[in-house]
Amino acid sequence: MVTTREVSIDDATTVTHMVAALLGELEGGQMQDGPDAQLVVDLLAMKERVYGFLAFTEARPVGLIMLSESAALFARGTYGIITELYVVPDQRSSGVAMRLIEAAVGLGTVKGWGQLEVGAPRQPMWSRSPNSALYLKAGFADRPTPQVAVTRLS
């Protein structure tokens, strides 16, 4: 069974490792240093602008979604941006990512965001990526701007 909960500063090490793994995959398996641990702590301390959820199977962290809040006229106010989504390889295609996206949508609804966007990596492979299908399945729609998908929350 997969459970999710909001991240806290206490989760900084787990967030740092998962984002490093994500960046490593995006770089084609090349090892990334990953984000600086202090930067992760500083961002997680921005509780009114930076949000995240961890997914667990039993006590094992198996996924992460990070979001930030922004505001714009085109969005008619505040909106959310999914900045990172990572699921450990042995848990992919098991519903973990969808649970994390559902948690993000729920947060956006509570926060009154007009929409939730996801920015995809700037890579030619994105259009063929199973991740793009995941977001479409979750109700996101392609935007004319490349590498962006959006879902309306209100």
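All residue numbers in this chain count up from 1 along the given sequence.
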Measure across [X] and [Y] and return the closest heavy-atom pair with its distance rounded to 0.1 Å.
X      : Y     : answer
Ala103 : Thr4  : CB-OG1, 4.3 Å
Leu44  : Ser8  : CD1-O, 3.5 Å
Val96  : Gln91 : CG2-O, 3.9 Å
Thr16  : Ala37 : OG1-CA, 4.0 Å
Glu48  : Glu69 : O-OE2, 3.9 Å
Met18  : Gly63 : CE-N, 3.5 Å

Atom CZ of Arg49 with >12 non-hydrogen neighbours under 6.0 angstrom: no
Evaluate the side-chain proximity of [Y] to [X]: yes if any heavy-atom separation is below 4.5 Å, no if none is.
X     : Y      : value
His17 : Pro61  : no
Met66 : Leu43  : no
Val50 : Thr83  : no
Phe53 : Glu102 : no

Parallel, tilted or perpendicular: rings of Tyr79 and Phe74 (30°, 60°):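 The rings of Phe74 and Tyr79 sit tilted, inter-plane angle from 30° to 60°.
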Any donor-acceptor N/O pair, Asp11 side chain to Thr14 backbone, under 3.5 Å: no
Arg99 side-chain N/O to Val2 backbone N/O, donor-acceptor pair under 3.5 Å: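 Here the side-chain-to-backbone pair exists.
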Residue list, side-chain hydrogen bond (donor to acceptor under 3.5 Å, both in side chains) with Asp10, at least two apart or on another chain: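 Not a single residue meets the side-chain hydrogen bond (donor to acceptor under 3.5 Å, both in side chains) criterion with Asp10.
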Residues in side-chain hydrogen bond (donor to acceptor under 3.5 Å, both in side chains) contact with Gln38, at least two apart in sequence or another chain: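 Scan of Gln38 (side-chain hydrogen bond (donor to acceptor under 3.5 Å, both in side chains), adjacent residues dropped) gives Asp42.
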Result of checking Leu116, Ile82, Leu100, Val110 against Val105 for side chain to side chain contact (heavy atoms under 4.5 Å, CB included):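 Answer to the side chain to side chain contact (heavy atoms under 4.5 Å, CB included) test with Val105 among Leu116, Ile82, Leu100, Val110: Leu116.
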Test log, rule side-chain contact (heavy atoms from CB on, under 4.5 Å), inputs Arg92 and Tyr86: CA-CA 9 Å; Arg92 293 179 184 163; Tyr86 178 74; 3.3 Å; yes
